[in-house]
2 protein chains.
Amino acid sequence: MAKKTIMIVEDDPAISEMLSINLSKEGYDVLSAGSADEALKVVEEKDVDFFIVDIMLPGSMDGFDLIRILKSSEAHKSTPVLILSAKDDAADKVAGLELGSDDYVTKPFNVRELLARIKSIFRRQTTASQMKEEGPKKIIAKDLIIDTERLEVWVRGELVSLTPLEFDLLVFLAKNEGKVFNRDVLLDKLWGYDYYGDTRTVDVHIRRLRTKIEEDPSNPKYIITVRGKGYKFRDPGKEKND
Amino acid sequence: MAKKTIMIVEDDPAISEMLSINLSKEGYDVLSAGSADEALKVVEEKDVDFFIVDIMLPGSMDGFDLIRILKSSEAHKSTPVLILSAKDDAADKVAGLELGSDDYVTKPFNVRELLARIKSIFRRQTTASQMKEEGPKKIIAKDLIIDTERLEVWVRGELVSLTPLEFDLLVFLAKNEGKVFNRDVLLDKLWGYDYYGDTRTVDVHIRRLRTKIEEDPSNPKYIITVRGKGYKFRDPGKEKND
DNA sequence: TTATATTTTAATGAATTTTTAAGGTTAAAA
DNA sequence: TTTTAACCTTAAAAATTCATTAAAATATAA
C-alpha cells in the first residue's frame, strides 16, 4: 500500500514542525500549511489522505471554515480530519464533529497519543457517522431557554442577544448546572490553554451576562457567585437538594 | 495556598535579577542558578515547582542538557519548564517541546507576558490535577450533607453558608472521619506549609464552623475536640468505638 | 479603510472573610 | 484546693475577594 499523506494545517511553526518530524518518523508523507488558504492551494495539487487542522488559524478562514470547504468537496468529503484546539470546549467539539471531523485533540497534546489516534482513525476508516450526542439541544431553566442549535437565548419570552463568549460561558455553566467552577478552570475551558490574560476578565463577562439574563443583575438567580471558589449555574425552578 | 517556588537558570545576572524581582513581586519564591551544574545542586536541597531555563549556559551543559536530566528524574518529570532563548529558532523550539518543555520565550521578552505565561502554565497544571477528583462527591453523616461538587452543606435539611476556609476545613475533617489532626497539621494541609500565623486561628475557625453546623456549638456532635491532640470529625450516625 | 461590536484591562469601593488579640472557661495535675 | 495548660469565645483590625464602571485594546463587519 502506498504511503499515506497527512496534511498539517497549523500556524505555530514549532508545533507544525514537531508533528511533521514525528509523523515522518512513523512513515507518513507530510505536507504543511500555515493557513486555510495555503492548505486549499496545496490540496489542489497534492493528494491528501488525512488532515490535522488547528481551529485557530490566521487569515479570514479558521479551521472550521476549512473543514467545511473540504467536506463539501468531492475529493475530500470522506477524508478523515482531526481537529487540534487550544480549548477543550464542548461546543467546539460538537461543531467539529458535526462538520464531520473524526477526532478532537486539545493542546498541549501528547505526541504518542496523537499518533495512536491517527492510526486508529485510519484503521476504522469505514463510514464515520458515529457522532456522539452531547447533551440536549435545548436547556431550559425556569424562564431561561438556551437553544444550542440555533444559538439563541430566550429570557422571560424575550430573545436576548449574547456575544459569542457570553453564549459559550452561559452554555458551559448551564450544561454543568450546580457545579462550581473557579476562574482558572473557566479560562481553560472557554478561552483555551494559551490564554495569557487576567483572571478577573471572567468577572466582567459574568457581569455582562447577568445584565442580559438576570432580572436584577445584582441579585442573580441563575449565575451564582460562590465566594472564594468561583461561579455556578442554578436552575431556580428546581427545588432543594435531595 | 502554598507559595510556588520558581528556579531561574540564567547566566546573565541582569536578566536573572530582573526576573527574580518581578517574580517575587508576584508572590513566588525564587531561586537562582547561573549554570546547569549549580541548578542541579540546588535542586537536591530545595523544592522547585517551576523552572525557567536559558538555553545558552556556561559550562559543560546547556539548557537542553539540564532539561533532559530534570525530566528524567522522578522528582521533576512533570515539573513545568519554560525555555528562554536568544534566538527565535524553530528547530530549538521543536527540540524544547520534544524534551517536554511547556513554553518557549524569546529574548528580549516582555516581562508582563512572561509572568502571564507562567501563571497560565500553573493554571493548566492545577486543572489537570483537579481532573482526578478523589473520593465521593457527597459526604453524608447523619443530618449533615456535604456536597463537594456544588460546594454546599446541608444541616438538618437546611442549607448553611460556609466561608471557603470553613468549607475546606469541614471537608478535610469529614473525609478523614475519626482521625485526629493537631493544629499544625491542619495549618499545613489547609493553609499551606508557609503559613506563619498563630496556631490559635484554627480554634476560631472550628468555633465558627460549629456555630454553623452544630445544634449546640458548645456540645458538638460532629467536630470533636481531643484535648491536647487536636480535632476530629465524627459521624454521630455510626456507632461508637473506643 | 472606517465603523461597530466585542473583549480586556484597570481602578475603585463595598462586602466578606480571615486573623489577631485578649479575657473567660474547663479539665487535669500538683 | 490551687495551679497550669489547653481550649473557648468574642470583638475588632486587617486582608482578601468581588462587583461595578469606564476606558483601552482588539476583532469583526461594512
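Quick note on labels: first sequence line is chain A, next is B, and so on, each numbered from 1.
- For the pair Leu170(B)/Glu166(B), no side-chain contact is recorded, criterion being any heavy-atom separation below 4.5 Å from C-beta on.
- At the heavy-atom level, Arg183(A) lies under 4.0 Å from the strands shown only through sugar-phosphate atoms.
- Rounded to whole Å, the distance from CG on Leu169(A) to P on dT6(C) is 15 Å.
- For the pair Leu209(B) CG and dC8(D) P, the interatomic distance rounds to 13 Å; values are reported in whole Å.
- Looking at the side chain of Leu165(B), the nearest of the listed nucleotides dC8(D), dT9(C), dT18(C) is dT18(C).
- Rounding to whole angstrom units, CD of residue Glu166(B) and P of dT19(C) are separated by 11 Å.
- Taking a cutoff of 4.0 Å between a charged side-chain nitrogen and a carboxylate oxygen, Arg150(B) and Glu177(A) qualify as a salt bridge.
- Using a 4.0 Å heavy-atom criterion, one finds that Tyr195(B) contacts the sugar-phosphate atoms exclusively.
- For Asp168(A) and Lys189(A), the salt-bridge test fails: no basic side-chain N is under 4.0 Å from an acidic carboxylate O.
- When distances run from any side-chain atom of Val204(B) to the nucleotides dT20(C), dA19(D), dC8(D), the shortest one goes to dT20(C).
- Looking only at side-chain heavy atoms (C-beta outward), Leu84(A) and Ile8(A) stay at 4.5 Å or farther from each other.
- Under 4.0 angstrom from either OP1 or OP2 of dT9(D) there lies at least one side-chain N or O belonging to Ser218(B).
- Between the CZ atom of Arg208(B) and the P atom of dT19(C) there is a distance of 12 Å, given to the nearest Å.
- Phosphate contact (OP1/OP2 of dT7(C), side-chain N/O of Trp191(A), threshold under 4.0 Å): absent.
- One atom, CZ of Arg227(A), and another, C1' of dT17(C), lie 7 Å apart when rounded to the nearest Å.
- Backbone-only contact: Thr163(A) has heavy atoms under 4.0 Å from sugar-phosphate atoms and none from a base.
- Note on Arg200(A): every side-chain N or O is 4.0 Å or more away from OP1 and OP2 of dA10(C).
- Between the base of dT9(D) and the side chain of Arg207(B) there is no donor-acceptor pair shorter than 3.5 Å.
- In the set dC7(D), dA19(D), dT7(C), dC7(D) carries the atom at the smallest distance from any side-chain atom of Thr225(B).
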Inset, instruction - Carefully, step by step, assess Arg210(B) and Tyr222(B) under the rule side chain to side chain donor-acceptor pair (under 3.5 Å). - result: CA-CA 8 Å; Arg210(B) 282 173 173 164; Tyr222(B) 296 105; over 6 Å; no
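- A straight line from CG of Leu151(B) to P of dT17(C) spans 14 Å, rounded to a whole angstrom.
- Taking only side-chain nitrogens and oxygens, Arg210(B) comes nearer than 4.0 Å to OP1 or OP2 of dC8(D).
- Looking at heavy-atom distances under 4.0 Å, Tyr196(B) makes no contact with the nucleic acid at all.
- The side chain of His205(A) sits closest to dT7(C) out of dA6(D), dT19(C), dT7(C).
- The separation between Ile206(B) atom CD1 and dA6(D) atom P is 17 Å, rounded to whole Å.
- Note on ring orientation: taking the six-membered ring where Trp is involved, the planes of Phe181(B) and Phe172(B) are tilted (angle from 30° to 60°).
- The distance between atom CG of Asp198(A) and atom P of dT17(D), rounded to the nearest whole Å, is 13 Å.
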